[in-house]
There are 2 protein chains.
Amino acid sequence: MDKVYSISDLAREFDITTRAIRFYEDKGLLAPARRGQTRLYSHADRVKLKLILRGKRLGLSLEESGEIIGMYDPGSNNVPQLERLIGKIQERRRALLAQKRDIDIMLAELEDAEARCLEARDSCQ
Amino acid sequence: MDKVYSISDLAREFDITTRAIRFYEDKGLLAPARRGQTRLYSHADRVKLKLILRGKRLGLSLEESGEIIGMYDPGSNNVPQLERLIGKIQERRRALLAQKRDIDIMLAELEDAEARCLEARDSCQ
DNA sequence: GCGCAGGTTGACGTTAACGTAAAGGTAAGC
DNA sequence: GCTTACCTTTACGTTAACGTCAACCTGCGC
């Protein structure tokens, strides 16, 4: 299970460019191993990339996605640091729940709009 | 109920700059009435602005929000046009439902992360 | 008439998130 | 040895979504 991926493997799989992947590394979101110059992506790297792309679909900036990646392992065994991390997680959760409410509102509005469209079409003879 | 708002009324209410509001007009998302040079925003304009800002919170571009605004009144009484509009509405709905799934996944992952944090903190003595 | 709080139109600056091109290293196949 | 397919770094270009002046008009209170 310690398969490695090349940069173009990941680019193909997620339908992005290698340039984008290197850019994420530049921004500190990825840090793949190297064999010489060449990047070797682990399964964990692939998961991080998935997180980044999901973040993008939700409208997060790369910086925000980076923060979320940082939530994935407690890392530091220092209590106040852990407390801060927990706080961040809770805030992120609140934001996601708010986003769900926005989506529900927009879904309802689209429902209305569709109804008006259907009516306009049908009353169009 | 035909109250009008000044540009800074709306800017204050939604905590954005007047520059942003004018920018949305530049991009064709708003078209307030005028008294001389001065813009006068109707209740409908305010609703459109709300749509724009909700779109932003969901990660939409201004262009996409503009499309959604365009869905709000069938306008054209021409059937193929209405059909296309209905299609767009349905696609937008699919996208929103997909986004909700992404949110649910991320929420579950945050739940995990929080559990690990709590454990790390508590096992920290 | 004067200041002031609001409004207006340019026009240039800025940031994020890459795109795109240049110039080159490397291993595989013929 | 040459091409081909990848990989690398460096660097400048681009787009969206405004921010930030500058220079100006305009009605109101005094």
Side-chain angles (χ1 to χ4, degrees), chain A residues 3-42 45-46 48-70 92 95 99 102 106, chain B residues 3-42 45-46 48-70 92 95 99 102 106:
Chain A
K3 185 184 172 185
V4 302
Y5 308 86
S6 79
I7 193 168
S8 45
D9 284 344
L10 295 182
R12 258 189 302 276
E13 175 173 2
F14 295 111
D15 195 30
I16 56 181
T17 65
T18 60
R19 173 68 176 96
I21 298 178
R22 292 196 194 95
F23 183 75
Y24 301 151
E25 182 174 348
D26 253 38
K27 293 295 162 179
L29 305 189
L30 295 174
R34 301 262 181 158
R35 180 179 47 206
Q37 296 259 75
T38 305
R39 282 165 247 253
L40 296 180
Y41 295 87
S42 68
D45 291 323
R46 206 185 79 123
K48 289 183 185 178
L49 185 52
K50 255 188 186 171
L51 287 178
I52 296 170
L53 298 178
R54 183 183 303 129
K56 290 205 67 180
R57 291 196 299 272
L58 294 179
L60 303 192
S61 69
L62 290 184
E63 194 178 342
E64 289 173 311
S65 289
E67 225 188 44
I68 289 184
I69 288 180
R92 186 53 64 187
Q99 199 168 359
D102 271 334
M106 189 171 282
Chain B
K3 185 183 171 188
V4 302
Y5 309 84
S6 77
I7 192 167
S8 44
D9 285 344
L10 294 182
R12 259 189 302 276
E13 175 173 2
F14 295 112
D15 194 31
I16 57 181
T17 66
T18 60
R19 173 68 176 97
I21 297 179
R22 292 197 194 94
F23 183 75
Y24 301 150
E25 182 174 349
D26 254 38
K27 293 295 163 179
L29 305 189
L30 294 174
R34 301 262 182 157
R35 179 178 48 206
Q37 297 258 75
T38 306
R39 282 165 248 253
L40 297 179
Y41 295 87
S42 69
D45 291 323
R46 206 186 79 124
K48 288 182 186 179
L49 185 51
K50 252 188 188 173
L51 286 178
I52 296 170
L53 298 177
R54 183 184 302 129
K56 291 204 66 179
R57 291 197 298 272
L58 294 178
L60 303 191
S61 70
L62 290 185
E63 195 179 341
E64 289 173 312
S65 289
E67 227 187 43
I68 290 185
I69 289 180
R92 185 55 62 189
Q99 199 170 358
D102 271 334
M106 191 172 281

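Proteins get letters first, then strands, A, B, ... in listed order; numbering begins at 1 in each.
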Base, sugar-phosphate, or nothing for [X], non-hydrogen atoms under 4.0 angstrom?
X       : value
A:Arg35 : nothing
A:Thr17 : sugar-phosphate
B:Ser8  : sugar-phosphate

Original post:
Start at the 5' end of DNA chain D and walk down; is the nucleotide closest to A:Leu40 or to A:Arg19 reached first?
Top reply: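 Residue closer to the 5' terminus by nearest nucleotide: A:Leu40.
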[X] [atom1] to [N] [atom2]: how many Å, rounded?
X       : N      : atom1 : atom2 : result
B:Glu64 : D:dA17 : CD    : C1'   : 14 Å
A:Phe23 : D:dT9  : CZ    : P     : 15 Å
A:Leu49 : C:dC18 : CG    : P     : 11 Å
A:Glu25 : C:dA17 : CD    : P     : 16 Å
B:Asp9  : C:dG7  : CG    : C1'   : 12 Å
A:Glu63 : C:dA16 : CD    : P     : 8 Å
B:Asp26 : C:dC12 : CG    : P     : 15 Å
B:Ile21 : C:dG6  : CD1   : C1'   : 14 Å

Original post:
Taking the side chain from B:Asp45 and the backbone from B:Ser42, do they hold a donor-acceptor pair closer than 3.5 Å?
Top reply: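 Flag set: sc B:Asp45 to bb B:Ser42 pair under 3.5 Å.
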Subject >> Whether A:Ser61 side chain and A:Glu64 backbone form a donor-acceptor pair below 3.5 Å >> reply: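 Answer holds: yes.
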**OP:** Count the heavy atoms of every other residue, nucleotide or ligand shown that sit under 6.0 Å from CD of A:Glu63, and state whether that count exceeds 12.
**Re:**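 Open.
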**OP:** Answer yes or no: are there more than 12 heavy-atom neighbours, outside A:Arg34 itself, under 6.0 Å from its atom CZ?
**Re:**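 Atom CZ in A:Arg34 is crowded, with more than 12 foreign heavy atoms closer than 6.0 Å.
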Compare the minimum distances between each of [options] and the side chain of [X], then state the nucleotide with the smallest one.
X       : options                : answer
A:Ile7  : D:dC18, C:dA17, D:dT8  : D:dT8
B:Gln37 : C:dT8, C:dC18, D:dT9   : C:dT8
A:Leu62 : C:dA17, C:dA11, D:dA11 : C:dA17
A:Arg34 : D:dT9, C:dT20, C:dA17  : D:dT9
A:Lys56 : D:dG19, C:dC18, C:dT8  : C:dC18

Subject >> Charged N-O contact under 4.0 Å between A:Asp9 and A:Arg12 >> reply: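 Looking at A:Arg12 together with A:Asp9, the answer is yes, because their closest N to O distance falls below 4.0 Å.
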Original post:
Heavy-atom distance under 4.5 Å between the side chains of A:Lys48 and A:Leu29, does that happen here?
Top reply: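 No - every pair of side-chain heavy atoms lies 4.5 Å or more apart.
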Please tell me if [X] has a side-chain N or O lying less than 4.0 Å from either OP1 or OP2 of [N].
X       : N      : value
A:Ser6  : D:dC7  : yes
B:Tyr24 : D:dC18 : yes
A:Lys27 : C:dC18 : no

**OP:** Look at the side chain of A:Arg39 against the base of D:dT8 and say whether a donor-acceptor pair falls under 3.5 Å; ignore hydrogens and angles.
**Re:**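 No, the side chain and the base share no sub-3.5 Å donor-acceptor pair.
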Original post:
Taking N and O atoms by type only, does the side chain of A:Arg22 place a donor or acceptor under 3.5 Å from a partner on the base of D:dT9?
Top reply: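 Donor-acceptor pair under 3.5 Å: no.
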